[in-house]
Engineer: 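One structure is given below, represented as structure tokens, and several questions about it will come after.
Quantities reported herein were computed from a predicted structural model and do not represent experimental measurements. Note that ligands are numbered from 1 as they come in the structure, with each ligand's atoms numbered from 1 the same way.
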Amino acid sequence: MAQKEIDELKSECLTCNKCELHAGRHNVVFGVGNPKAKIMFVGEGPGEQEDLQGEPFVGKSGQLLDKYLSLIDLSRDANIYIANIVKCRPPQNRDPKPEEQDTCIEYLRQQVRLIKPRIIVCLGRIAAQKLISPDFRVTAQHGQFTEKGGILFMGTFHPSALLRNESNKPLALEDFQALREKIKEENLI
Ligand code: URA
């Protein structure tokens, strides 16, 4: 059963020291949500609040994400799963280094293997470049669905980027509406 295997994977991840990020962490931020979710959201890595609380997207950007989710009847408690490319906070919120991403992505791959989502939404450039294509450009390609290995991937703006540049919020909302349409089309919830 997915929950038991997810719990085992989480226990392993909580003691991980495979890259240098482990040294500065308060908590590993493994992921939250429904292990049977058909829709997964992937960010880049924990920020300060996430590191302190051990949960993804709980700071200001998380509040914005939860608002957008609720507009399309999604919630982390019910029908989605949220995780990150790296599970430990990069110092001063810098981008996770390629080698840190490569080391940590194995945990995400296993999460995806166990959860078996139909849709993965990449929040921001780092997640989209890692999961969709190394040359992914959020401004040009946001909201587009690409199927790989039986999974539909879509990249959109990172909520922190939307807090910095509010003018992209209408575009992000369109992406969430497109997601809602795709969920309906695929009968996912
Ligand atoms: N930004 C991310 O990419 N992930 C989080 O969990 C929080 C902020």
Engineer: Below 3.5 Å, N or O to N or O, backbone or side chain included: is there any such pair between N84 and ligand 1?
Structural biologist: yes

Engineer: Output yes when a side-chain donor or acceptor of N27 lies under 3.5 Å from a complementary backbone atom of L52, and no otherwise.
Structural biologist: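 Checking the backbone N and O of L52 against the side chain of N27, a donor-acceptor pair under 3.5 Å is found.
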
Engineer: Tell me whether L108 shares a hydrophobic cluster with I119, the cluster being built from Ile, Leu, Val, Met, Phe, Trp, Tyr side chains joined at under 4.5 Å.
Structural biologist: yes

Engineer: With only distance considered, is P56 within less than 3.5 Å of ligand 1 through an N or O on each side?
Structural biologist: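 N/O-N/O distance below 3.5 Å does not exist for this pair.
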
Engineer: Identify the closest protein heavy atom to atom 2 (C) of ligand 1: which residue and atom is it, and at what distance?
Structural biologist: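 Among all protein heavy atoms, the one nearest atom 2 (C) of ligand 1 is G45 O, 3.0 Å.
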
Engineer: So if I count the atoms of ligand 1 from 1 in the order they appear, which ones are less than 4.0 Å from some heavy atom of G43?
Structural biologist: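 By the 4.0 Å cutoff, the relevant atoms are 3 (O).
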
Engineer: Please check whether E50 reaches ligand 1 - meaning an N/O of the residue sits under 3.5 Å from an N/O of the ligand, judged on distance alone.
Structural biologist: no

Engineer: For the rings on H142 and F136, is their centre-to-centre separation under 6.0 Å?
Structural biologist: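 No, the ring centres sit 6.0 Å or more apart.
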
Engineer: Could you state the interatomic distance from CZ (F157) to OH (Y68), rounded to the nearest 0.5 Å?
Structural biologist: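 It comes to 10.0 Å.
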
Engineer: What distance do D73 atom CG and K184 atom NZ have between them, rounded to the nearest 0.5 Å?
Structural biologist: 9.0 Å

Engineer: Regarding K87 and the six-membered ring of Y107, is the cationic atom NZ or CZ under 6.0 Å from the ring centre and inside 45° of its axis?
Structural biologist: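 Here K87 fails the 6.0 Å and 45° test against Y107.
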
Engineer: For ligand 1 and F57, I'd like to know whether there is a polar contact (N/O to N/O, distance under 3.5 Å).
Structural biologist: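 So ligand 1 has an N or O lying under 3.5 Å from an N or O of F57.
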
Engineer: Nearest protein heavy-atom contact for atom 1 (N) of ligand 1: which residue, which atom, what distance?
Structural biologist: H158 NE2, 3.2 Å

